[in-house]
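Read the structure below first, then the notes.
Reminder, nothing fancy here: chain letters follow the sequence lines and each chain counts from 1.
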Amino acid sequence: MLRVEEGFLYQAPRGTSDILPGEQVYWGYIRQKASAICALYGYQRIDTPTFEDARLFERSIGEETDIVEKEMYTFEDRSGDRLTLRPEGTASVCRAYVEHGMHTLPQPVRLYYDAAIFRYERPQAGRYRQHHQFGVEALGDGDPALDAEVIEMAWQFYVNLGLRGLSLNLNSIGCNSCRPAYLDSLRDYYSQHRESLCPDCKRRLSRNPLRILDCKKPSCIPFSERAPRSIDYLCRECAEHFDRLERYLVLLNLPYVVNHSLVRGLDYYTKTVFEIAPEGEIAAQATIGAGGRYDDLIEQLGGKPTPAIGFATGIERLVRNLKKQKVAVPANPSHAVFIAYLGQDAKDVAMKLASHLRNSGLSVALTFGDRSLKAQLKQANSTGVQRAVIIGDDEVRSGAVMLRDMDKGEQEMIPLDKVAEVLSQVVA
RNA sequence: GUGGGCGUAGCCUAGUGGUUAAGGCGCCAGGUUGUGGCCCUGGAGAUCGAGGGUUCGAAUCCCUCCGCUCACCCCA
C-alpha cells in the first residue's frame, strides 16, 4: 500500500479507475470490433484534444443542461483561457469539421473516435467521472437513409460483440420550426396537472418540459403516458423524414420500437433520436449506446448549414454487459517460449537467444533474478508458454539447448542456431 | 447534490470490547547440488480505509472525512 504521509495514501481519483491487464481483454475485444465495423461502413478515425475552449461545450450542449450546469471539469490555464475536459465527443468533431474545412471533402464525412470523457458526477455502477466512449459521426448529409445506416451500424456492432436481448428505442423530437409548438402544448398539458407532478418536474415545467417525459417517478408516469407526443407535432419535413427513416429500418430488418418519451439530455439534437439498452432495463445507466441527428450544430459553431447524425457508446457499460452475459472474449496471446538459464555464462547465451528470437518475431518470456530452474519452470508454467528453452553449463559448452514441451513434458537438444527455426514451426 | 449498505495483507474471507489480528488464493524459498503443473514445510506481506473520541483496554462502540456500492438526479 502506498502511503506518503500520515493519513494519506494515493489512489485513483474518485470515479476513475485503472484498467488492469486482466481487464484489457475486454477493451481490446471491443476496440477490435469497433474498428472492424468502422472499416465496413467507411468511417475513419479522428482524435481531438482532451480539452477544448469551454464555450464550445456550453454552446453546443446547451447552457441549460445538467452537463453544462454542474458536470463539466472547467478550469483556467496559466494564461487565463477557460478550458473544459470534454464531456462528450460530438462537439469536438464538429469543431474539427469546421476548422479544417471538411465541407470540401466528399459528403458525408464519416468519422469515428474512441476517447476518454469527463463529467463531474456521483459515481455508481455504470457511471464514472472518467469513462470512455466509442462514437461515430456522419456529417454533411440530411437523408434519413443515413440515419438508418448509422442505427444499423450501431445495432450490428452490438450483434458482432455477441450481446443479446437489446432493444432499440426511436423517436423524433422535431426541428427548430416545429419543436416550439410542441413544447407549448407540453407545457399547457402539464400545467393542468401541475399539482400532481413531483417537485423536479414542477421545476422542469418552465425550463425544459421535454424532460418531464422521462421522469421515472410513479406519480409522473401516468401523466406522461397521456402527454402530447412529439411525432404528432412534427412539421412536414420532419414528419416525412421520420416516416422514411421508419421505412428504411423495416427494410433493414431492424427491430425498433417508437418510444414517445425518449428525449436526450443534450440540446443540439434535432429530428431523430435513439437509444439502445438491454431489454427490460429502464434504469438510466442501463443505456449502452445513444445518438441522434444534430442538423443545426455545425452552423451554430460557425460552419455552413450542415446536417449530421452520430452515435456513441460507453465502453465501460459494454464491458459490464459482456461480463453479465458471459460473452466469451478471446484471451490475450501468451508468450511463445520461456527461456530458463543456470549460471552467468548461460545467462549471456539466454539474453542473446532472447534477442535473436524476438527479432525473428517470436515472443519470449524470461526472468533475470538468477533463480532456481524449478522456480523458472514454475513461472514458465504459469505464463502458459508451450515451450521452454533450458540453458545450463552443458548447453553453453555444447552449443545446443534443451527445448522442453510444457504440455507433454518431453524435451530434446537443439543446436542454438536452429532454435528460431524449430520454434517457428512448433509454436502457433 | 440527496438517502441506504459497506471498508480486515495484492485478492477472498474469519474475528463484534480483553494477551504477538486467523485462514484460503497468490507471491518467495526449501523438500530434488539442472526440470513446471500435485503434495509437504517455511517465509514475506495488515499502523484492521484515514483522523479524532469513549474506555483500564477498540478491528469491534461514537463522530468526521475519504473511498466503494445501491437507489434517486442525470448520462454512455
* **Nearest-Å distance for atom pair CG/P, residues A:Asp66 and B:rG1** => 14 Å

* **Pairing partner of B:rG17 (Watson-Crick or G-U wobble, both distances under 3.5 Å)** => none

* Asked: Under 4.0 Å: is that the gap between some side-chain N or O of A:Ser382 and OP1 or OP2 of B:rG37?
  -> no

* To do: Could you check whether A:Leu266 gets within reach of a base, just the sugar-phosphate, or nothing at all, counting any heavy atom under 4.0 Å?
  => sugar-phosphate

* Name the one of A:Asp295, A:Leu297, A:Ile309 that satisfies side chain to side chain contact (heavy atoms under 4.5 Å, CB included) with A:Thr270? -> A:Asp295

* Answer with base, sugar-phosphate or nothing: what part of the nucleic acid does A:Glu121 contact at a heavy-atom distance below 4.0 Å? => base

* Asked: Quick one: A:Arg371 CZ to B:rG34 P, roughly how many Å, whole number?
  -> 16 Å

* Asked: B:rA46 and B:rA59: how far apart are their C1' atoms, nearest whole angstrom?
  -> 11 Å

* Interatomic distance, A:Gln124 CD vs B:rG67 P [rounded to whole Å] -> 15 Å

* **B:rG45 and B:rA21, which share atom name C1', separated by this distance in whole Å** => 14 Å

* Examine the base of B:rG31 for any acceptor or donor lying under 3.5 Å from a partner atom in the side chain of A:Lys374, and report the outcome as yes or no. => yes

* Using a 4.0 Å heavy-atom cut-off across all strands, classify A:Ala340 as base, sugar-phosphate, or nothing. => nothing

* Asked: What is the pairing partner of B:rG26, taking Watson-Crick or G-U wobble pairs with both distances under 3.5 Å in any strand?
  -> none

* Asked: Nearest-Å distance, CZ (A:Arg14) to P (B:rG1)?
  -> 8 Å

* Asked: With side chains defined as the heavy atoms from C-beta onward, is the minimum distance between A:Pro228 and A:Ser185 less than 4.5 Å?
  -> yes

* Asked: Within the structure shown, what part of the strands sits under 4.0 Å from A:Arg211 by heavy-atom distance: base, sugar-phosphate, or nothing?
  -> sugar-phosphate

* To do: Select base, sugar-phosphate, or nothing to describe what A:Gly15 touches, counting heavy atoms under 4.0 Å on all strands.
  => sugar-phosphate

* Residues A:Arg110, A:Glu149: salt bridge by 4.0 Å N-O rule -> yes

* To do: Please report the C-alpha distance between A:Tyr294 and A:Thr90 in whole Å, then the side-chain angles of each, then the deciding distance to 0.1 Å, and finally whether the side-chain hydrogen bond (donor to acceptor under 3.5 Å, both in side chains) criterion is met.
  => CA-CA 10 Å; A:Tyr294 46 92; A:Thr90 301; 5.0 Å; no

* Separation of the P atoms in B:rC25 and B:rC62, to the nearest angstrom -> 35 Å

* When all nucleic acid strands are considered with a 4.0 Å heavy-atom cut-off, which category describes A:Ile390: base, sugar-phosphate, or nothing? -> base

* Between P of B:rG34 and CE of A:Met413, the distance in whole Å -> 16 Å

* To do: Please state the P separation for the pair B:rU13 and B:rG67 - nearest whole angstrom.
  => 22 Å

* Asked: Using a cut-off of 4.0 Å on non-hydrogen atoms, how would the nucleic acid contact of A:Glu395 be classed: base, sugar-phosphate, or nothing?
  -> base

* 5′-ward residue of the pair A:Glu71/A:Asp393 relative to RNA chain B -> A:Asp393

* Would you mind reading off the distance between A:Arg127 atom CZ and B:rA71 atom C1', rounded to a whole angstrom? => 11 Å

* Just call it for A:Ala125: base, sugar-phosphate, or nothing, with non-hydrogen atoms closer than 4.0 Å on any strand. => sugar-phosphate

* Asked: Would A:Lys347 and A:Phe368 satisfy side-chain contact (heavy atoms from CB on, under 4.5 Å), going step by step from the backbone distance to the final call?
  -> CA-CA 8 Å; A:Lys347 187 174 190 174; A:Phe368 292 122; 4.3 Å; yes

* **Assigned partner base of B:rU60, Watson-Crick or wobble definition, under 3.5 Å** => none

* To do: Determine, stepwise, if the pair A:Thr313 / A:Ile30 fulfils side-chain contact (heavy atoms from CB on, under 4.5 Å).
  => CA-CA 11 Å; A:Thr313 191; A:Ile30 291 165; over 6 Å; no

* Using Watson-Crick or G-U wobble geometry with both distances below 3.5 Å, tell me the partner of B:rA44, or none. => none

* Minimum-distance nucleotide to A:Asp394 side chain [options: B:rU35, B:rC68, B:rG34] -> B:rG34

* Taking atom P of B:rU32 as reference, at what distance in whole Å does atom CG of A:Leu377 sit? -> 17 Å

* To do: Remember a base hit wins even if backbone is also touched, and classify A:Gly135 as base, sugar-phosphate or nothing at under 4.0 Å, heavy atoms.
  => nothing

* May I ask you to say what A:Ser372 touches in the nucleic acid, namely base, sugar-phosphate or nothing, with a heavy-atom cut-off under 4.0 Å? => sugar-phosphate

* **Whole-angstrom distance between B:rC6 and B:rG10, as gauged at atom P** => 23 Å

* Asked: Does A:Gln11 make a side-chain N or O approach to OP1 or OP2 of B:rG49 shorter than 4.0 Å?
  -> no

* Whole-angstrom distance between B:rA9 and B:rA14, as gauged at atom C1' -> 14 Å

* Asked: What distance do A:Met406 atom CE and A:Asn381 atom CG have between them, rounded to the nearest 0.5 Å?
  -> 5.0 Å

* Structure fact -> As its Watson-Crick or G-U partner within any shown strand, both distances under 3.5 Å, B:rG3 has B:rC70

* To do: For A:Gly289 and for A:Gly409, find the nucleotide of RNA chain B with the closest heavy atom, then tell me which residue's nucleotide is more 5'.
  => A:Gly409

* To do: Take atom P in B:rG43 and the same atom in B:rG23, then report the distance between them in whole Å.
  => 10 Å

* Does the B:rG3 base have a donor-acceptor partner in the side chain of A:Arg122 within less than 3.5 Å? -> yes

* To do: Specify the closest pair of heavy atoms between A:Leu197 and A:Lys202, including all atoms of both residues, with the distance to one decimal.
  => O-CE, 3.5 Å

* For B:rC40 and B:rU47, measure between their P atoms and round to the nearest Å. => 30 Å

* To do: Looking at every strand, decide which applies to A:Phe134 at a 4.0 Å heavy-atom threshold: base, sugar-phosphate, or nothing.
  => nothing

* CZ of A:Arg320 versus P of B:rC68: gap in Å, rounded? -> 15 Å

* Which part of the nucleic acid, if any, lies within contact of A:Gln411, taking any heavy atom under 4.0 Å across all strands shown: a base, the sugar-phosphate backbone alone, or nothing? -> base

